[in-house]
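In the text below, chain A, chain B and the rest are named by the order of the sequence lines, each starting its count at 1. Not measured: the values here are computed from a predicted model.
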Protein chains: 2
Amino acid sequence: MFLSTSTNTIDAKGRTSVPSPFRDALGDDAAVFIWPSVRGDFLEGGGEALMKALQREIFDRVADGSLAPVAAEAQQVMLLGEARRLSYDKTGRIVLPEAFRDHANLSNSATFVGLGNRFQVWEPEAHETRKAAMRESVRSTPLIMGVERP
Amino acid sequence: MFLSTSTNTIDAKGRTSVPSPFRDALGDDAAVFIWPSVRGDFLEGGGEALMKALQREIFDRVADGSLAPVAAEAQQVMLLGEARRLSYDKTGRIVLPEAFRDHANLSNSATFVGLGNRFQVWEPEAHETRKAAMRESVRSTPLIMGVERP
DNA sequence: TGGGATATCGTGGGAATTCATGGTCATCAA
DNA sequence: TTGATGACCATGAATTCCCACGATATCCCA
């Protein structure tokens, strides 16, 4: 489970450390799968299990008719076509490809945000701005299990 | 089940003891999950079971249409993104991250309040004033199973 | 029922480990 | 050679672990 948020440095080689708790969540396979989000200037990622689950969901939804084959191919192009498997070394660092850094406007640092089954990578200030907006959204949302009820 | 209230010291390293009855409620996994509340200056937390249940409830509510995907992501960012898994050592202590202490205005001590499936962490005096307000509120509320009738 | 022994719990401090990050060294392609 | 790529070492700071103490609560047996 990907939890918590942390901001790490991006060095001259484009390297950054995958947060240690995330590495734990990834298990033995020393790699993450990351792709540019189609919804905004940030990256999305997860482990091998997530990638497989996403693939299967696309198949299943074509099978049960809730996703048109054309739309499925579009999903695959933007997800599987853009995603990369980035393995990290013994110190836990990956290299963020230049295209990824451009997409998310990353320069010297990156913020990893855990979202349970997946995570996102943001330019630190952009994430702060977004979070402020989300805080308001959550305050006006119905409760979840008695927690966070307004 | 998290029951009762107790106030413990926060030392120079930011450490505090998770109340022993809470540790019993947490089971084998020697860790608590804690996050800053979006509706006040205090922390909320629970065990692994609570975290998973919250995560699932978000999914389910998106599936049944009672929660918009955008609102779901906001929930995830503010809950899963802000939460941290804090494991405690053999003496039962966790380290409260500085950001958490700031959010709840904690300095030398913290009050753990059990709420059944979850708990809250308050600055002791803030909790006292809040409790006083709640006492009045409860007195004007219909009884529950004959308990707490004025 | 009293009173001493035993266990539990919270707290302080120091030692050992982990973590992020800068740097170096091979490997391979252009 | 140069430039990019990937793996491994070094380091300092931060974190986590473990042992010791004292106070409180619990137990047990007279």
Peer 1: Which heavy atom in B:S17 sits nearest to a heavy atom in B:R93, and how many Å separate them?
Peer 2: OG-CG, 3.3 Å
Peer 1: In whole angstrom, what separates B:D89's CG from C:dG14's P?
Peer 2: 17 Å
Peer 1: Mind calculating the distance between CG (A:N8) and C1' (C:dG22) to the nearest angstrom?
Peer 2: 14 Å
Peer 1: Report yes if at least one side-chain N or O of B:S20 is closer than 4.0 Å to OP1 or OP2 of C:dC9; otherwise report no.
Peer 2: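 Yes, within the criterion.
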Peer 1: Over how many whole Å does the gap from B:I94 atom CD1 to D:dC17 atom P extend?
Peer 2: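 So the CD1-P distance, B:I94 to D:dC17, works out to 13 Å.
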Peer 1: Would you mind reading off the distance between B:L86 atom CG and D:dT15 atom P, rounded to a whole angstrom?
Peer 2: 12 Å
Peer 1: What about A:K13: does its side chain form a donor-acceptor pair under 3.5 Å with the base of D:dG6?
Peer 2: yes
Peer 1: Is A:H103 reaching over with its side chain to a backbone N or O of A:W35, donor-acceptor style, under 3.5 angstrom?
Peer 2: no
Peer 1: Evaluate B:T111 against B:T5 for side chain to side chain contact (heavy atoms under 4.5 Å, CB included), listing each step before the verdict.
Peer 2: CA-CA 7 Å; B:T111 301; B:T5 295; 3.4 Å; yes
Peer 1: Would you indicate what A:S87 reaches in the nucleic acid, counting non-hydrogen atoms under 4.0 angstrom: base, sugar-phosphate, or nothing?
Peer 2: nothing
Peer 1: So that I can tick it off, tell me whether B:R101 and B:E98 are bridged by a salt bridge, with the cut-off set at under 4.0 angstrom between side-chain N and carboxylate O.
Peer 2: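 B:R101 and B:E98: not salt-bridged.
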Peer 1: Between C:dG23 atom P and A:R15 atom CZ, what is the distance in whole Å?
Peer 2: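 So the two atoms are 10 Å apart, to the nearest Å.
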Peer 1: Measure from NZ on A:K90 to P on C:dC19 and round the result to the nearest Å.
Peer 2: 15 Å
Peer 1: A:D11 has an atom CG; how far is it from atom P of C:dA20, in whole Å?
Peer 2: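 Result: 14 Å.
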Peer 1: Examine D:dC19: is either OP1 or OP2 under 4.0 Å from a nitrogen or oxygen in the side chain of B:R93? Give yes or no.
Peer 2: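 No.
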Peer 1: At less than 4.0 Å, is any side-chain N or O atom of B:T9 found next to OP1 or OP2 of C:dT11? Yes or no.
Peer 2: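 The answer is yes; a side-chain N or O of B:T9 sits under 4.0 Å from OP1 or OP2.
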Peer 1: When you check the gap from the basic side-chain N to the acidic O, do B:R39 and B:E44 get nearer than 4.0 Å?
Peer 2: yes
Peer 1: In whole angstrom, what separates B:F112's CZ from C:dC9's P?
Peer 2: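 In whole Å, C:dC9 P lies 15 Å from B:F112 CZ.
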Peer 1: Please confirm whether the shortest side-chain N or O distance from A:R23 to OP1 or OP2 of C:dT18 is below 4.0 Å.
Peer 2: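 False: A:R23 side-chain N/O out of range (4.0 Å or more) of C:dT18 OP1/OP2.
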Peer 1: Mind checking A:T16 for me? I need base, sugar-phosphate or nothing, with any heavy atom below 4.0 Å counting as a touch.
Peer 2: nothing
